[in-house]
2 protein chains.
Amino acid sequence: MPTPVRPPRRHGAELERALLQAAREELAAVGYANLTMEGVAARAHTGKQVLYRRWHSRADLVIAAVRAQTGSIADHVPDTGTLRGDVLGVLAWAARRWHDFGPDTIHGVLADLPDLDPRTFVMMEDVMTTILKRAAARGEIATADLEPRVVTLPSTLIRHEMLLTTTPVTEQTCIDIVDHVFLPLVHAVAGPARGRPPG
Amino acid sequence: MPTPVRPPRRHGAELERALLQAAREELAAVGYANLTMEGVAARAHTGKQVLYRRWHSRADLVIAAVRAQTGSIADHVPDTGTLRGDVLGVLAWAARRWHDFGPDTIHGVLADLPDLDPRTFVMMEDVMTTILKRAAARGEIATADLEPRVVTLPSTLIRHEMLLTTTPVTEQTCIDIVDHVFLPLVHAVAGPARGRPPG
DNA sequence: TTCGTTAGAGACGATGCGTCTCTAACGCGA
DNA sequence: TCGCGTTAGAGACGCATCGTCTCTAACGAA
């Protein structure tokens, strides 16, 4: 009888990539709620211990898997020439990113983790600050020195939308947020630079 | 030997109240993540079947338990005489309510339920509309006919705060939201009624 | 008083957890 | 080239909880 072929043993970065890939596939196949360490291990043709050696929990694994897939917003700061276009670009990026996770994944990770790594939010604030500074330099607004809560307002609203509505976040949602909330507020507290008319 | 005393069998509304009470006690004792149907049943001195007969899942049970405890915001619409005071009152009520749930309960319920009952949000919008109409009647603002996204802005922001920060929502948080975001925006899009100076 | 319902209690198989054990493949240093 | 230490791959294990099922007796309604 033929000896069954054994694939070579993977290790290091190659193995880790395969594990994260398996986690993403399992996530897409069964959803976060039904994702099990055993399922991921089976899909990766390995044992659970290999997973537990690297990540403490299901939530850690999934976060690592999604992080490894999508880049950072900091590497894709929009620069369209207008404040409105830039903010819409940021919101579109955020919407796509959260869509990649999927609502049930977000809810599940929030529930499984005691507290959330705030890096994502800080990054978002940095990007918004960059955009506002450029708008101020162009003379679109008088100053980029705004209350933190104002700076983070668009990303906060889009995040709330993703967390508490089942419907997908549309382009129109982003436009509403920018045109009906963010821009009116910014122009109210940091009106257009002198010498330039609004809108 | 003495026959062990058997308490009389409960039923109807009395039993249901006892079950919800047991669920609340169990929730406070072990938290949502560690709450089990068996634990609640044991605390209520009954069997699991009695629970499953009434609620399909852990999340259904917990929601029912908390709903039965706290009232509705619609029954406590603030009326302080100023728009600012009223909105702060609403936010304080919301903060207390969410605090009663606890962050881990909120996250857990969001994860366990496929989609959320939107009644809470609609109620919040109704209350805000009432407050804004009174402010318009007083002449504080020119009109109460605002974009839905503007009307729900304060409750949206406080909800986001509860969902994504671990720190408790303080009075100062509510004040920041009202003074730095909501009121400037409202005055920008529905400035003070003619003949009255702002602030 | 009878009869149908269901509370209270616990057994049951299934599932996934996180740990533990084992063997052999593999990388590295001598 | 060889030998040693690490760890991938595989699965067994005990435990907890799930949701279902069964049974008896208490209770309300007729």
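To the nearest angstrom, P of C:dG16 lies 15 Å from CG of A:D112. When the P atom of D:dT22 is taken as reference, atom CD of B:Q49 falls 11 Å away, rounded to whole Å. Atoms CD (B:E16) and C1' (C:dG8) sit 17 Å apart, rounded to a whole Å. Rounded to an integer number of Å, the gap from CZ of A:R10 to C1' of D:dA8 is 9 Å. When rounded to the nearest whole Å, the span between CG of B:L51 and C1' of C:dG8 equals 11 Å. Distance CZ (A:R53) to P (C:dC20): 13 Å, rounded to an integer number of Å. In this entry the distance linking CH2 of B:W55 with P of D:dT20 reads 16 Å, nearest Å.
At distances below 3.5 Å, at least one donor-acceptor pair connects side-chain atoms of B:D86 with backbone N or O atoms of B:T80.
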Applying side chain to side chain contact (heavy atoms under 4.5 Å, CB included) to A:I63 and A:L113, what does each step give before you reach the verdict? CA-CA 11 Å; A:I63 287 182; A:L113 285 184; 3.4 Å; yes

Show your reasoning for whether side chain to side chain donor-acceptor pair (under 3.5 Å) applies to B:T152 and B:S155. CA-CA 6 Å; B:T152 57; B:S155 52; 5.4 Å; no

CA sep, side-chain torsions, deciding dist, call: A:L185, A:L153, side chain to side chain contact (heavy atoms under 4.5 Å, CB included): CA-CA 10 Å; A:L185 177 61; A:L153 189 56; 3.7 Å; yes

Distances for protein N/O vs nucleotides 16-19 of chain D N/O pairs under 3.5 angstrom?
residue	atom	partner	partner atom	Å
D:dG19	OP2	B:Y52	OH	2.3
D:dG19	N7	B:K48	NZ	2.9
D:dG19	O6	B:K48	NZ	2.6

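Helix-axis bend for the helix from C:dT1-D:dA30 to C:dA30-D:dT1: the local axis fitted to the five terminal pairs at one end deviates from that at the other end by 20°, rounded to 10°.
A cation-pi arrangement is present between A:R58 and A:Y32 under the rule of less than 6.0 angstrom and at most 45 degrees off the ring axis.
You'll find that the side chain of B:R9 is closest to D:dC27, out of D:dC27, D:dT7, C:dC26.
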